[in-house]
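We count ligands from 1, going down the list as the structure has it; atoms in each ligand are counted the same way.
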Amino acid sequence: MSNEELDKLRARLDEINGQLLELVSERAKVVQEIGVVKEKQGVPKFDPEREKKMLDKLVEINKGPFTSGTIRSLFKQIFAASLDLQSDEHKKSLLVARKNHKQDTVIILPGDVTVGGLSSLMVAGPCSVESELQTRTVAAALQKAGVRVMRGGAFKPRTSPYDFQGLGMDGLRILREAATEYGLLTISEIVDPRHIDQALDYVDIVQIGARNMHNFELLKAVGELNKPVLLKRGLSATLEEFLHAAEYIMSRGNTQVMLIERGIRTYEKWTRNTLDISAVPILKQESHLPVLVDVTHSTGRKDILIPCAKAALAAGADGIMVEVHPDPATALSDAAQQLNIEEFNTFFDEVKASGLFR
Ligand SMILES: O=C(O)C(=O)C[C@]1(C(=O)O)C=C[C@@H](O)C=C1
């Protein structure tokens, strides 16, 4: 074939490519419109029956030279890309989505403590509030170490109903008193919308625990508050489900939401859960909300907390949560995984020395 002939044929192909692109783009715009209608009607975007009908029809009218199989796979690619386009449109409309809100959300807590800004946050404290002495001992140590936010569970949703269930409102009061004495902010889990009003006197940040990430009535209730909420990822929740749970809170008007990865259930037995480090950059990419990592619950073992905290910060986490108890061996919950005060000090020093803690 002479070069002239080849050039002519290629010029013809360039022209057809342009026409195809125009047609594919026109199709994509109709797909977007269908996506909006489906969103309004609440029907699923993926419609395999519709796809099958279209493919059967295309094969029927196909005159070659492409085989039926090739036509099917070419159009399946177009349908898949169309579906992506519809999902992207949907993601753009979420309040939690970065697409909608390019800047990082920075939550300003009392005392000018910030979450999601330029400085990293360390949240530490006992798994459960057990007594005044235990809580005050930890609070004093945290203040000395320069920690600003103290955690402490008062309502404990435990696997067994016979395990320690927490001190309830009394526990919150103890936490508040110890924190105030040592100039700390408090964070504690609320499990029942009926407790919220009273709990607001005691907590600066309301925590929604992993087991309640799908408790939509609770999410709606904290969505009505003017108080920061720390939302934990459910034990088996996908990142999409996690962000939709956050959307429940934001859609009710509360924009002060922080996300926390706490490990997911896998087949691995050498850790309590599997720390999903990839969740951190994905959540930061998909959402503008601050992202923290709970190194204690995700690993369940003290010996790997330092590298895991460093990994979390290197991956872009805005903060770390870790459990500290004056005498972990006697703790009423999570005895094996809490750090004692000396261990916590070493942990925090090493994390700071890494240069990753801003
Ligand atoms: O017809 C629809 O319902 C569409 O959403 C459009 C479309 C397509 O690209 O043709 C896209 C995704 C669905 O799985 C089926 C079809």
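Between the side chains of R301 and Q337, no donor-acceptor pair of N or O atoms lies under 3.5 Å. Inspection of the D84 and S87 side chains reveals no N or O donor paired with an N or O acceptor under 3.5 Å. Defined by atom type and a distance below 3.5 Å, a donor-acceptor pair is present between the side-chain atoms of S333 and S128.
Per-residue contacts place I34 under 4.0 angstrom from the following atoms of ligand 1 (heavy atoms of the residue considered): 1 (O), 2 (C), 3 (O), 4 (C), 5 (O). Contact atoms of ligand 1 toward V31: 9 (O) (distance under 4.0 Å to a heavy atom of the residue). Within the listing of ligand 1, atoms 12 (C), 13 (C), 14 (O), 15 (C) sit less than 4.0 angstrom from a heavy atom of E51. Distances below 4.0 Å separate heavy atoms of F46 from the following atoms of ligand 1: 14 (O).
Nearest to atom 1 (O) of ligand 1 by heavy-atom distance, out of K38, R50, K76, is R50. Comparing S82, P44, A28 against atom 11 (C) of ligand 1, the shortest heavy-atom distance belongs to S82. When Q86, E33, Q32 are checked for heavy-atom proximity to atom 6 (C) of ligand 1, Q86 turns out nearest.
For atom 12 (C) of ligand 1, the nearest protein heavy atom (residue, atom name, distance) is L83 CD1, 3.6 Å. With respect to atom 16 (C) of ligand 1, the closest heavy atom belonging to the protein is M54 CE, 3.7 Å. The nearest heavy-atom contact from the protein to atom 10 (O) of ligand 1 is R27 NH2, 2.7 Å.
Counting heavy atoms from C-beta outward, M122 and F344 have side chains that approach closer than 4.5 Å. A 4.5 Å side-chain heavy-atom check between I196 and K227 finds every atom pair outside the cut-off.
Each of V229, V257, V191 was checked for a side chain to side chain contact (heavy atoms under 4.5 Å, CB included) with I208, and the lone residue meeting it is V229.
The backbone of K45, and not its side chain, has at least one atom closer than 4.0 Å to an atom of ligand 1 (non-hydrogen atoms only; backbone = N, CA, C, O).
Within the structure, no pair that satisfies the ring pair (Phe, Tyr, Trp, His ring centres under 6.0 Å) test touches residues 49-87, not counting sequence neighbours.
Of all heavy-atom pairs spanning T135 and S131, the tightest one is OG1-O, 2.7 Å.
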